[in-house]
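Indexing begins at 1, ligand by ligand and atom by atom, following the structure's order. Not measured: the values here are computed from a predicted model.
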Amino acid sequence: MRDLLPSTNADGLPVVPMSEEQKYLFDLKGWICLPGLLSDDQVATIREHQMKFRFEPESLPVEERNSMGGPSQILLDHPVIVGVLNETVSHQNIASDTCYGFRFERTRTDYREAGRDNFRPHGGGGYFNFCGNSHLYQMLPGKVHSGLTRVVWEINEVGPGDGGTMLLSGSHKAAFPRPESLSGRESDVWDTYTCPPGSALIFTEALCHTGTRWTNEKRPRLSLFNLYNTVNSKWGMCSVPREVIASMPPLRQTLFRGAWVGAGDKMNRNMYYDEENYAI
Ligand SMILES: O=C(O)CCC(=O)C(=O)O
């Protein structure tokens, strides 16, 4: 089997390639949930950082004042997430052991208490979109490209009926418009997941998905909505300031380089991050 680079992340941890089962399910459904990727200590540290960032940002140094700042930056290139993105998003022509083959787009922290709703189904059918629309999905026998790809980190447990993200499995390849009669919150076409703290939900933005009402009175939903894209595409504005990126190791910084490739003969290759090669 070919090696997908990089083989270690910015913290020197070995990247974990997707299993055959994970690849099959991701392609079939358009999403996978990977439970319990973080230790209890990591979850506690990241939760503390997120709560400070949300409720008292001035208490943090400027380089930590972002969803992906400070101790939370390890989520950007967690070894399991890199394994998934190497397989589903990376442009491997310009990936190396010192440069990722994909880009980070943007992030936000969601703190959702009981009663907060976010039901607004969108997306689906991305297999039929052209490349100017990053919400696309492409496939050949044995290989897929997931386009704009969402990684949702669940920092608190998501239990049955709590109100995790709802996903319309398979809709990234759906040829027909979604009928109104199947689109309601109560429709049984929706799938969802339960997971312990420190889990990641990963889905192609080509898939129809929606938030819903958070119902758990005992704990809020605390999630980080991270977005990745291939190196030559950019959908949104970057939400991570330069001073936050400056505090990261060089390999992690390559997630924030400009959106270009340039891998042809005698051309510069986009395999570095610096003050000028930064995607705003
Ligand atoms: O709120 C959620 O669970 C999903 C959010 C969503 O659909 C999105 O960010 O595109």
Item to check | Criterion side-chain contact (heavy atoms from CB on, under 4.5 Å) against Tyr137, the qualifying member of Thr149, Asn129, Asp27, Leu207 | outcome: Asp27
Starting from [atom], find the nearest protein heavy-atom neighbour and note its residue, name and distance.
atom                    : result
atom 2 (C) of ligand 1  : Gly211 CA, 3.2 Å
atom 8 (C) of ligand 1  : Arg120 NH2, 3.7 Å
atom 10 (O) of ligand 1 : His122 NE2, 3.0 Å
atom 3 (O) of ligand 1  : Thr165 OG1, 2.6 Å

Checklist outcome for this item: Within the 4.0 Å heavy-atom cut-off, what Glu154 brings close to ligand 1 is neither
Checklist entry - Counting heavy atoms only, which part of Arg221 comes closer than 4.0 Å to ligand 1: side chain, backbone, both or neither? => result side chain
Checklist entry - How about Phe176: does its CZ atom have over 12 heavy atoms from other parts shown lying under 6.0 Å from it? => result no
Checklist entry - Passes side-chain hydrogen bond (donor to acceptor under 3.5 Å, both in side chains), Asn268 versus Trp260? Steps please. => result CA-CA 10 Å; Asn268 283 336; Trp260 58 280; over 6 Å; no
Checklist entry - Just checking, is any N or O donor in the side chain of His172 or Thr204 under 3.5 Å from an acceptor N or O on the other one? => result no
Which ligand 1 atoms does [X] reach within 4.0 Å, using its non-hydrogen atoms?
X      : result
Arg108 : 5 (C), 9 (O)
Arg150 : 8 (C), 9 (O), 10 (O)
Arg112 : 1 (O), 2 (C), 3 (O)

Next on the checklist: Taking the cut-offs as 6.0 angstrom to the six-membered ring centre and 45 degrees off its axis, would you call Arg54 and Tyr111 a cation-pi pair?
Outcome noted: no
Next on the checklist: Is there a path of hydrophobic side-chain contacts, each under 4.5 Å between heavy atoms, that joins Ile46 and Ile202?
Outcome noted: yes
Checklist entry - Less than 4.0 Å between a side-chain N and a carboxylate O, is that true for Glu20 and Lys23? => result yes
Item to check | Check: His209 N/O within less than 3.5 Å of ligand 1 N/O | outcome: yes
